[in-house]
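So the structure is just underneath, and the comments pick up after that.
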Amino acid sequence: MGSPRRKRLCLWFLIGLALSVIFLGHYYTADSPVCPGTVARTCQQERWDLEEAGILQDVRNRDLTRRTIMKRGNSTQDASNPKEKARSCPWSLKSKVKHNPTFEKQFDFDIPVFMWEQHFTPETWGRLKDRSVPYGWRDVPYPVIASTVQLLSESVHSQLVDEARFLNCCICCAVVGNGGILNGSRQGKKIDAHDFVFRLNGAVIKGFEEDVGTKTSFYGFTVNTMKNSLVAYAEYGFTQIPQGKDIQYIFIPSNIRDYIMLRSAILGSPVPEGYDKGDSPQKYFGSEASAGKFKLLHPEFMHYLKERFLKSEIINSQFGHLYMPSTGALMLLTALHTCDQVSAYGFITENYRLFSDHYYEQEKKPLVFYANHDMLLEAELWKSLHRVGIMKLYQR
Ligand SMILES: *[C@@H]1O[C@H](CO)[C@@H](O)[C@H](O)[C@H]1NC(C)=O
Ligand SMILES: *[C@@H]1O[C@H](CO)[C@@H](O)[C@H](O)[C@H]1NC(C)=O
């Protein structure tokens, strides 16, 4: 039993174990000292995969970590923008894009994603005033735009997350659509393991935690889709949109209602005019919603997404003036332009006919195709992005 040889072996084994623990500990702390809160387990998982494949070694040898992976191009007035600083996620989707000739031409990582006060210049007004909503401001009076956008004056309004906190690690995001594919999927833990979770419209959570998780970092909507969801999915328990200290709201400016509601939400006062007149924003966003909880998608970003990624034939039909990418598509493409790694759950797949419209329906309902969206074109896009490894699309 306790022969000296065996004891020695045992000792070596223990020393080896201790060394590997020390090495790994050093490795993780050295590489991700400023990853906030729950360090993304998905990222670590990825790291293991890469390490096993020997890729990580290559990356480390080439010292990519000290290279500027995200360059902000030629903006002189924006020198204080945190994006200016080198971020170092060696396996960012940006490097995948760079090596794909098709997507390399489509993606522009320098385009501003969110509209904020510093973008509200006479030049911007000049460009947007003749373009109709949601891609411009033709249908919205100047005072409404000005009084809303001027409230978006903090850096939190200009970027998804404080990138300075992520200088040495990857920003991993999950975007959760509401597709029936998630019914019985048991993806909840995986979804919650991402640094940030996007949800949208009728995002029913209660009763579906195992399938869709519980974490919400960003909730995206137009006032129209949000209010419709509250009516249409109340029977499934969707009686309020996600609320909480760590949740931020992404307004999609589909028409004047969104600007007016956003302004009222920041000011914490009832909606003074228009379609939603008298509405209390607290009803939707909670009583402690301060300016820092709200972001506004940039109309030019939406225009760019439509032109480069989702240029549907609908645009030339009788519904052309109504066409816009779906809320889910806008959120997923937002994540693809702001996160390092993106997983899409509950989005349309090739075999969508096998699943219900939403994961919370008790009886299977076919997916509804609205005249103002092009879901099949979106399905093609998700499939291609997944195929080339720019994002992960949950499929089954
Ligand atoms: C930056 O902009 C200036 C003036 O518009 C131009 O002359 C210069 O070539 C640009 N530099 C780069 C790196 O694009
Ligand atoms: C969702 O899954 C449950 C359990 O597997 C099943 O009973 C139900 O019919 C499914 N709902 C739809 C709409 O397919």
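All ligand and atom numbering here is 1-based and tracks the order in the structure. Only heavy atoms go into these numbers, but all of them, side chains included; no hydrogens, no water, no symmetry mates. Residues: numbered from 1 along the sequence shown.
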* For E363, take its heavy atoms, then give the atoms of ligand 2 lying under 4.0 Å from any of them. => 13 (C)
* Heavy-atom distance under 4.5 Å between the side chains of V212 and Y345, does that happen here? -> no
* To do: Please tell me if the side chains of F294 and F285 come closer than 4.5 Å, counting only heavy atoms from C-beta onward.
  => yes
* Is any side-chain N of the basic residue among D357 and K365 closer than 4.0 Å to the acidic one's carboxylate O? -> no
* Any donor-acceptor N/O pair, K295 side chain to Q159 backbone, under 3.5 Å -> yes
* Structure fact -> The atoms of ligand 2 lying under 4.0 Å from a heavy atom of K364, numbered in the order shown, are 13 (C)
* Asked: Of all the non-hydrogen atoms in the protein, which one sits nearest to atom 2 (O) of ligand 2, and at what distance?
  -> N183 ND2, 2.4 Å
* Within 45° cone of Y135 ring axis and under 6.0 Å: K306 NZ or CZ -> yes
* Is atom 11 (N) of ligand 2 less than 4.0 angstrom from some protein heavy atom? -> yes
* **Residue portion contacting ligand 2 (non-hydrogen atoms closer than 4.0 Å) for K365** => neither
* Heavy atom of the protein closest to atom 9 (O) of ligand 2 (residue, atom name, distance) -> Q362 O, 3.5 Å
* Check each atom of ligand 2 against the heavy atoms of E361 and keep those under 4.0 Å away; list them by number with element. => 11 (N), 12 (C), 13 (C)
* Structure fact -> Exactly one of H194, Q187, K190 clears side-chain hydrogen bond (donor to acceptor under 3.5 Å, both in side chains) with S343, and that residue is H194
* To do: Take the SG atom of C173, take the SG atom of C339, and say whether they are under 2.5 Å apart.
  => yes
* To do: State the atoms of ligand 2, each with its element, that fall below the 4.0 Å cut-off from a heavy-atom position in S356.
  => 13 (C)
* H358 N/O to ligand 2 N/O under 3.5 Å -> no
